[in-house]
Amino acid sequence: ATRCTGGLYCKAQRKQTLLHFAGRRAMDIEGLGDKSVEQLVDEGLVSSPADLYALKFDDIVDLEGFAELSSNKLLSAIEDSKQPSLARFIYALGIPDVGEETAKVLARSLGSLERVQQALPQVLTYLPDVGLEVAHEIHSFFEDAHNQQVIEELLKHGLQIQDQGELGAEFSASTTLGGFLDKLHIPSVGPGGAQKLADKFGSLEAVMNADWLDMRQALPEKQANSVREFFAVEENRQRSLTAEAQLADFGMHWQSEKKVVEGLPLAGQTWVLTGSLELMSRDIAKDKLESLGAKVAGSVSAKTHCVVAGPGAGSKLTKANELGLKVLDEEAFVVFLSKHGITV
DNA sequence: GAGTACAGCGCGGACTACTT
DNA sequence: AAGTAGTCCGCGCTGTACTC
């Protein structure tokens, strides 16, 4: 994507950042819409999200449209936003390519802001739907000095991020030594070769320091050569060790098998909501489904398990019918939920 | 046979249009 | 004007044909 390179100095970008930060799905600061952000930035009162938390009554009461009432309202809305969930907070930061879903994944899997901030690209790619590209965006966002400063100030102003905790299961479950070696992208060595190395040596150090004979026992000549050459490069050794150290630091230990069968009834299923739902909001419906282990997607495909269609459903319902997918109307959906012990 | 390169697909994210 | 459904694009993943 191309974006304005004005960075810190670009007013328009700062406004966008603030609007996103305050948005209903992010920090949910009511009363901070287009108009107010416009003024706050133009008057030089606010230039980063952190500045919001330093605003005083006297600063804003003279602004256009801000008499006593709305000033107090805004201040208390800001105050009320001080305990965001980790997922919301990450989303609010507006990291490129990180929307609500990816923010949730980061929060769930890494469990704490520190870990998200420190995570190396190689480590981030362990998360579902995070590839190298997105991993680098995340990593460089937190490496940026200005971004670091803003986060630091936010915390200093009393922001308390909730649900800091342990590493999530999906992260720990997906880390194996074989998988890790595969991610190093040693030329000529794919998943198969990586697994053989893992089986034979059992640790990264052992692979790095293996002598030729042992190496040849694990792999054919060409691949064995490639591995040696790879680890002969100092930079590769460092990168591998750092990534491994971080995984260990995050409390990770190599596991032999990756598969976790989740106990949730809809684990692994993808659902789609379309049309207007009248008995509950879309967000609630989505939450309910997610709590049963389902993934709620935005578009219908052959991989969709079920479509919930309210009145006014359009192309998605058509497609679902074309594909012969299971479709529930809202009433049937509510019945379905109650069968799983969820009341609306 | 194993690794790689490539293509197609599904989903998330961002944008647009429509409704109220 | 705000909120929501629909559309479009790009990233990551998977499956397949190709190569060594």
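Please read these numbers as outputs of a predicted model, since none were measured by experiment. Chain letters run A, B, ... following the sequence lines, proteins first and then strands; every chain starts at 1.
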Under 4.0 Å between a side-chain N or O of [X] and OP1 or OP2 of [N]?
X       : N       : result
T270(A) : dC11(B) : yes
T274(A) : dG6(C)  : yes
R24(A)  : dT4(C)  : yes

Taking the side chain of [X] as heavy atoms from C-beta outward, which of [options] is closest to it?
X       : options                   : value
Q223(A) : dC11(B), dA2(B), dC11(C)  : dA2(B)
V134(A) : dC11(C), dC11(B), dG13(B) : dC11(C)
K222(A) : dC20(C), dC11(C), dC13(C) : dC20(C)

Would you list the atom pairs, donor with acceptor, under 3.5 Å between side chains in residues 66-75 of chain A and any protein atom, with sequence neighbours excluded?
| residue | atom | partner | partner atom | Å |
| --- | --- | --- | --- | --- |
| S70(A) | OG | G65(A) | O | 3.3 |
| S71(A) | OG | A67(A) | O | 2.8 |
| N72(A) | ND2 | E68(A) | O | 3.4 |

Within this structure, what is the [atom1]-to-[atom2] distance between [X] and [N], rounded to whole angstrom?
X       : N       : atom1 : atom2 : value
D28(A)  : dA2(C)  : CG    : C1'   : 14 Å
L127(A) : dC11(B) : CG    : P     : 19 Å
W271(A) : dG10(B) : CH2   : P     : 19 Å

Any chance you could list the contact pattern along nucleotides 15-20 of chain B? Use B for base contacts, S for sugar-phosphate-only contacts and - for none, protein heavy atoms under 4.0 Å, 5' to 3'.
------
Taking any heavy-atom pair under 4.0 Å as a contact, classify P187(A): base, sugar-phosphate, or nothing.
sugar-phosphate
Pairing residues for A26(A) by the side-chain contact (heavy atoms from CB on, under 4.5 Å) criterion, not counting sequence neighbours
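Applying side-chain contact (heavy atoms from CB on, under 4.5 Å) to A26(A) gives Y91(A), A92(A).
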Within the structure provided, determine whether D51(A) and L45(A) are in side-chain contact (heavy-atom separation under 4.5 Å).
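Heavy-atom side-chain distance check fails, nothing below 4.5 Å.
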Pairs meeting criterion salt bridge (Lys or Arg N to Asp or Glu O under 4.0 Å) with involvement of residues 175-200 of chain A, two or more places apart
none
Using atom types as modelled, flag every donor-acceptor pair under 3.5 Å from a side chain in residues 223-236 of chain A to any protein atom, sequence neighbours excluded.
| residue | atom | partner | partner atom | Å |
| --- | --- | --- | --- | --- |
| S226(A) | OG | P187(A) | O | 2.5 |
| E234(A) | OE2 | Q238(A) | NE2 | 3.2 |
| N236(A) | ND2 | F230(A) | O | 3.1 |

Test side-chain hydrogen bond (donor to acceptor under 3.5 Å, both in side chains) applied to S81(A) - qualifying residues, sequence neighbours left out
Y53(A)
